[in-house]
Amino acid sequence: MTDYTRPARVRVAPSPTGHMHLGTARTALYDYLLAKKTSGKFILRIEDTDLKRTIPGAEREIMDGLRWLGLDYDEGPDVGGAFGPYRQTERRDLYTQHAKMLVDNGHAYPCFCTPDRLEKVRQEQQKRKETTRYDGTCRKLSSDEAARRIAGGEKYVIRFKMPFEGSTTARDLLRGDIVIENKNLDDSVILKTDGLPTYHLAAMVDDHLMQITHVLRGSEWLGTFPLHVNIVRAFGWDEPEWVHLSIFLKPSGKGKMSKREAAEAVKDGYSIFIKDMQELGFTPEGLLNWMALMGWGVAENDVLTMSDMIEKFSLDHLNPSPAAVNFQKLDHFNGTHIRLFSTDELAARIKPFLTKAGFNVDDARLLRIIPLIRERLVTLDDGIDFAGFFFKETVEPNPDDLIAKGLDARQSANVARKAHEILAALPEINHAAAEPPMRALVEKLALNPNQVFGIVRVAVTGQKVSPPLFESMEIIGRAKVLERLQKAIEMLESMP
RNA sequence: GCCCCCAUCGUCUAGAGGCCUAGGACGGGGCCCUCUCAAGGCCCAAACUGGGGUUCGAAUCCCCAUGGGGGCACCA
């Protein structure tokens, strides 16, 4: 059982090489939950040691994404902290020193092999159907010779010396002991020609120096797990708790999320990128709830707020198996959380979407609209379809939509005229006053409510689907309702 | 090819040897409500991959098979 009485220090350590995605967000969430649960610290560390792949703006997106999700970090590049800097390129000297420590105590060595040679070795191994691995050429070099070549200006990397014999046992919190024969391991590069470390060195050094107690990371790291454990042990450090999280599979469950699949999701109105999700109208609450439950589960009542999650979260109960993403379920959680918002809250969340869509939003009016649309929204973006017409001067219904089922244009025009008459006779169009006479009209015409109200709906809102008719008309106001009805009558009359 | 990991309804999961006739959620189907679309309520179908052990007793522990996934970079 995990000890939740000691404050945990956990970190999310993304590399700024692209858009922030679901996997990073979920790891951050679990980190955050653990930190909150133990009154510990949640830390953001930027792993930007691959200069070639670093993308400008990516770091900003990560920080914005975490904050938008409500996963505020206690330490990080832009907030500081006692264990900084929190950007690996700013910790360069630390890695150089630590690499040297390993060389000095015989756990690492300089390697002068060129990329060309390594590539050739790899190809030959592949041809012979062998495992591709470093062949150990430079491991045999004497330290004198290595020193001479370095002094001669030759380029080199530092490789970690993996043991040849025996086995390495690494303990994962969810999987127990993972044992691997050392002969299956090779000597990985820990410090590159450019002087910057690879993940293997940088993450181990930083996790130790930053006093990380629990390392939560994707299970794609399981392959290099023994390497990492060996590095930590070579330094003589205590190990953190290792927790390898399940990875996300594409919706079909066949293979992990790929670029291709990501593009596919966007076409369907979804995305695996946090920034896109925000723009698509998903809420942090819905997203968090959904992500939390991929890789973790609760017995019942799975609608969870942040405080519910903090209360119920348990590392021991995480699920190690891969999880296929299910966007339909995201829709469900998003809608559910939207319905949990107060009217003021929802209005504030929707307003930016309406504004962005070009509507001039009146706050008081929006507040009246919210109760009408709340349970119809899946995303905040849906607010445009359900509330946009309230802010339009005029609407342009599709003429065909004005014709009720079972009626022709002439008959529909007649219905519209009668409705206009009834509504025009009212000093004010509100729900209470308008519904009874309109119901009476349905009776009198021997039609069904669908037909009559449908015509009025399309005329007044410009669309076939809308919030409840009478409540909507009340907000639109008498003048505009009559004006729009009149226009619809004319449209119908001009139809053959 | 080699190494590693995983395995409960279509999907996400609960399950920690007897509380299991296997629970919940999404999705699906049906009914109710209903001015459209939703939301909501009620109901239904749907799973322990297979085979061997261990045990009085296995979804749960062990082994094998099968299936799925991940990794084999001077990327993270």
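This one's a predicted model, so the numbers in the text were calculated from it and none came from an experiment. The basis for the numbers below is simple: all heavy atoms, side chains too, and nothing from hydrogens, waters or symmetry mates. Each chain gets a letter, A, B and so on, in the order the sequences are listed, and its residues count up from 1.
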Colleague: Which whole number of Å gives the distance between the P atom of B:C32 and that of B:C37?
Modeller: 15 Å
Colleague: Return the nearest nucleotide to the side chain of A:Asn184; candidates are B:U36, B:C12, B:C2.
Modeller: B:C2
Colleague: Would you give a per-nucleotide map of nucleotides 21-31 of chain B, 5' to 3', where B means the base has a protein non-hydrogen atom under 4.0 Å away, S means only the sugar-phosphate does, and - means neither?
Modeller: --BSBBS----
Colleague: Do the rings of A:Tyr30 and A:Trp296 sit parallel, tilted or perpendicular, given the 30° and 60° boundaries?
Modeller: perpendicular
Colleague: State whether A:Glu421 and A:Lys418 are salt-bridged, where the test is any N-O pair (Lys NZ or Arg NE/NH1/NH2 against Asp/Glu carboxylate O) under 4.0 Å.
Modeller: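 A:Lys418 and A:Glu421: not salt-bridged.
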Colleague: Any salt bridge between A:Glu264 and A:Lys250, counting N to O under 4.0 Å?
Modeller: no
Colleague: Quick one: label A:Gly335 by what it contacts on the DNA or RNA (base, sugar-phosphate, nothing), any heavy atom closer than 4.0 Å.
Modeller: nothing
Colleague: Once you round to the nearest 0.5 Å, how far does CZ of A:Arg374 lie from CD1 of A:Ile350?
Modeller: 9.0 Å
Colleague: Find the partner of B:A22: check Watson-Crick (N1-N3 plus N6-O4 or O6-N4) and G-U wobble (N1-O2, O6-N3) distances, both under 3.5 Å, and reply none if neither fits.
Modeller: none
Colleague: What's the gap between B:C63 and B:C26 when it is taken at their C1' atoms, as a whole Å value?
Modeller: 36 Å
Colleague: State the pairing partner of B:A7; accept Watson-Crick or G-U wobble contacts with both distances under 3.5 Å, and report none otherwise.
Modeller: B:U66
Colleague: Would you call A:Glu47-A:Arg87 a salt bridge at under 4.0 Å N-O?
Modeller: no
Colleague: On a whole-Å scale, what distance lies between the P atoms belonging to B:U60 and B:U55?
Modeller: 16 Å
Colleague: What is the pairing partner of B:U55, taking Watson-Crick or G-U wobble pairs with both distances under 3.5 Å in any strand?
Modeller: none
Colleague: Classify every nucleotide of nucleotides 68-76 of chain B by which part a protein heavy atom approaches to under 4.0 Å, writing B for the base, S for the sugar-phosphate alone and - for neither, in 5'-to-3' order.
Modeller: -SSSSSBBB
Colleague: Could you tell me how far B:C61 sits from B:G17 if I compare only their P atoms? Round to whole Å.
Modeller: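 Nearest-Å result for B:G17 against B:C61 at atom P: 9 Å.
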Colleague: After noting the C-alpha distance and the side-chain angles of A:Asp206 and A:Tyr86, does the key distance pass the side chain to side chain donor-acceptor pair (under 3.5 Å) rule?
Modeller: CA-CA 9 Å; A:Asp206 289 346; A:Tyr86 293 90; over 6 Å; no
Colleague: Check every strand shown and say whether A:Leu469 touches a base, only sugar-phosphate, or nothing at a heavy-atom separation below 4.0 Å.
Modeller: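 Since a base atom lies under 4.0 Å of A:Leu469, the category is base.
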Colleague: Taking atom CZ of A:Arg26 and atom CH2 of A:Trp290, what is their separation to the nearest 0.5 Å?
Modeller: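 Going from the CZ atom of A:Arg26 to the CH2 atom of A:Trp290 covers 10.5 Å.
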Colleague: Which base, if any, makes a Watson-Crick or G-U wobble pair with B:U34, both distances under 3.5 Å?
Modeller: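 For B:U34, the partner nucleotide comes out as none, under the 3.5 Å rule.
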Colleague: Looking for any heavy atom pair under 4.0 Å, which part of the strands does A:Glu471 touch: base, sugar-phosphate only, or nothing?
Modeller: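 Base contact.
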Colleague: Using a heavy-atom cut-off of 4.0 Å across all strands, would you classify A:Pro251 as base, sugar-phosphate, or nothing?
Modeller: nothing
Colleague: If you pin A:Val325 and A:Ser466 to their nearest nucleotides in RNA chain B, which one's is more 5'?
Modeller: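 Final value for this comparison: A:Val325.
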Colleague: Partner lookup for B:C2, please. Criteria are Watson-Crick or G-U wobble with both distances under 3.5 angstrom; report none if nothing qualifies.
Modeller: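 WC or wobble partner is B:G71.
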Colleague: Looking at B:A14, which nucleotide sits across from it as a Watson-Crick or G-U wobble partner, both distances under 3.5 angstrom, or is there none?
Modeller: none
Colleague: Identify, with sequence neighbours excluded, every residue that meets salt bridge (charged side-chain N to carboxylate O under 4.0 Å, His left out) alongside A:Arg339.
Modeller: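 With neighbours one apart ignored, the set is empty.
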Colleague: Say you pick atom P in B:G28 and the same atom in B:U11; how far apart are they, in whole Å?
Modeller: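 My reading of the P atoms in B:G28 and B:U11 gives 16 Å.
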Colleague: Checking side chain to side chain donor-acceptor pair (under 3.5 Å) for the pair A:Arg484/A:Thr461: CA distance, chi angles, key distance, verdict?
Modeller: CA-CA 8 Å; A:Arg484 291 178 186 183; A:Thr461 68; over 6 Å; no
Colleague: Please determine, for B:A39, whether a Watson-Crick or G-U wobble partner exists with both distances under 3.5 Å, and give it or none.
Modeller: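 Base-paired to nothing in any strand shown.
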Colleague: Please tell me if A:Arg339 has a side-chain N or O lying less than 4.0 Å from either OP1 or OP2 of B:G40.
Modeller: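 Checking A:Arg339 against B:G40: at least one side-chain N or O falls below 4.0 Å of OP1 or OP2.
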Colleague: Hunt down the Watson-Crick or G-U wobble partner of B:G27, both distances under 3.5 Å, from any strand shown, or write none.
Modeller: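 Its partner: none found.
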Colleague: Would you tell me whether A:Asn230 and A:Thr168 have side-chain atoms, one donor and one acceptor, within less than 3.5 Å of each other?
Modeller: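 On atom types as modelled, these side chains qualify, holding a pair under 3.5 Å.
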Colleague: Answer with base, sugar-phosphate or nothing: what part of the nucleic acid does A:Arg175 contact at a heavy-atom distance below 4.0 Å?
Modeller: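 Since only primed, P, OP1 and OP2 atoms lie under 4.0 Å of A:Arg175, the category is sugar-phosphate.
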